[in-house]
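Numbering of ligands and ligand atoms starts at 1, following listing order.
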Amino acid sequence: MDAISYGKQFISDSDIEKVVEALKSGWITQGIQVDKFENLFSEYIGVKHSISCANGTAALFMAVNVLKNSKKKVITTPNTFVASANCVVLNGLGVDFVDIDEKTGLMDFRLLEEKLQQNPNDYQGVIPVTYSGLPLDLEKLKEICDKYGLWILEDACHSPGGAYLNSQGLWIGSGSCTDSDVAIFSFHPVKHLTTGEGGMVTCSTEKNSILLKQERDHGLVRNKENYEVPTDDPWFYEMQRPGFNFRLTDIQAALGIGQLERAHENSKVRARIAGFYQDKLRGVGDIEFQEFDEERFKHAYHLFVLRTEKRRELFHYLLEKNIRPQVHYIPVHLHPYYKRQGFHEGMFPKAEVFYKKCISIPMYPTLRDEELEYVVDTIKGFYS
Ligand SMILES: *Cc1c(COP(=O)(O)O)cnc(C)c1O
């Protein structure tokens with residue numbers, strides 16, 4: 001039996017056919033597949049503009065580069081993948097963190113507001129992360145950020161298909177940029193959709209959409225309405241701010257189109273798997289689940305996270321039983337680079353405790369019933 005991993009991609013025969021068609025089409029990068037993928041993604045997420053790119057990290061870099069201003073620092077959560085903070089540093093800005101709520105693993109907005117009250121002029125933006133697939137109340141966050149003039153970049157890598165209920169009783173999709181400036185996604189194989197490597201930036205304004213398209217393409221402007229120096233020369237293009245090449249290929253986009261076809265269905269399967277784990281594992285040992293208001297938040301279940309005092313022992317036990325869990329996340333501020341910037345243990349105690357207790361167990365749509373039973377029985381076996 002193959003090991004059962006915490007996450008896994010699913011590539012169907014029809015996905016493969018789409019990729020082969022793209023390969024044979026004579027146009028393998030930045031062609032009709034990329035346009036189609038971006039349009040279908042916008043429809044799925046419920047957003048105006050989607051700009052595809054090389055990966056989630058590139059998406060974060062591009063987004064910060066477009067949003068940034070002259071203020072010193074940007075705030076994110078320590079309970080995330082390093083890329084959510086690195087994108088700030090790589091843009092020449094300072095990063096700071098706000099601790100989490102231990103029940104959800106998400107940034108605690110009360111602590112954010114305290115930090116902003118203490119130093120209202122230091123910060124220019126916030127990068128909230130929908131950790132594990134649980135959306136944040138971005139309407140609430142926007143209220144706080146508007147008060148202090150901060151932009152919001154939602155790292156929605158974990159939550160395509162997730163949503164929160166706003167004060168008008170409307171469901172607001174994660175990444176829809178209803179209450180944020182820009183959002184980003186990753187198409188790495190462990191995420192909901194994969195293109196091998198790949199990413200997407202979403203936004204609601206034409207202005208940001210144009211800037212983001214320049215960002216992924218060397219900073220080049222290719223439509224003459226936007227030239228600084230007017231010309232009709234047919235070969236012309238203009239570089240207004242230097243950029244990287246962060247483009248997605250048509251081969252990858254074709255795979256993404258195939259993956260999107262199953263996105264709704266896969267979200268339902270993820271929710272069903274979560275329900276199964278909650279039924280079977282509630283009350284087992286000292287296991288704790290993420291706690292959230294199901295009336296107000298639709299969890300996208302990128303991860304299924306348990307917390308236990310026996311995390312280390314459980315992790316090794318599962319490995320022995322051919323189950324490959326993962327730990328999300330080593331708090332970002334405890335990595336050597338960030339320690340050298342002055343961060344240290346004890347600064348964000350809830351994220352540090354969360355890290356000691358958390359374990360992500362298998363969660364992906366092609367998990368078979370007998371594999372799910374095996375995971376549950378093995379965890380019960382550990383505690384008995
Ligand atoms: C995966 C991930 C990223 C980075 O995406 P890549 O495509 O791997 O570069 C950034 N933030 C979060 C929260 C992620 O899970």
| task | Give the ring-plane orientation class for Phe304 versus Tyr277, where under 30° counts as parallel, over 60° as perpendicular and anything between as tilted. | result |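 Tilted.
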| message | Once you measure the plane-to-plane angle for Phe97 and Tyr338, does it fall in the parallel (<30°), tilted (30-60°) or perpendicular (>60°) bin? | response | perpendicular
| query | Hey, which of Ile144, Leu138, Asp146 is the one that makes side chain to side chain contact (heavy atoms under 4.5 Å, CB included) with Lys142? | reply | Asp146
| said: Could you list the cluster mates of Tyr237? Members are the ILVMFWY residues connected by side-chain heavy atoms closer than 4.5 Å, either directly or through other members. | reply: Leu220, Met239
| query | By the rule that ILVMFWY residues connect when side-chain heavy atoms come within less than 4.5 angstrom, directly or transitively, which residues belong alongside Phe37? | reply | Leu40, Phe41, Tyr44, Ile45, Val47, Phe185, Phe187, Leu193, Met200, Leu248, Ile257, Leu260
Please set out all donor-acceptor pairs under 3.5 angstrom arising from side-chain atoms of residues 74-83, sequence neighbours excluded.
residue	atom	partner	partner atom	Å
Thr76	OG1	Ile127	O	2.7
Thr77	OG1	Asn79	N	2.9
Asn79	OD1	Tyr329	N	3.3
Asn79	ND2	Gly105	O	3.0
Thr80	OG1	Ser84	OG	2.7

Polar pairs, ligand 1 vs protein, N/O only, below 3.5 Å.
residue	atom	partner	partner atom	Å
ligand 1	5 (O)	Ser186	OG	3.3
ligand 1	7 (O)	Gly56	N	2.7
ligand 1	7 (O)	Ser186	OG	2.7
ligand 1	9 (O)	Gly56	N	3.3
ligand 1	9 (O)	Thr57	N	2.9
ligand 1	9 (O)	Thr57	OG1	2.6
ligand 1	11 (N)	Asp155	OD2	2.8
ligand 1	15 (O)	His158	NE2	2.8
ligand 1	15 (O)	Lys191	NZ	3.0

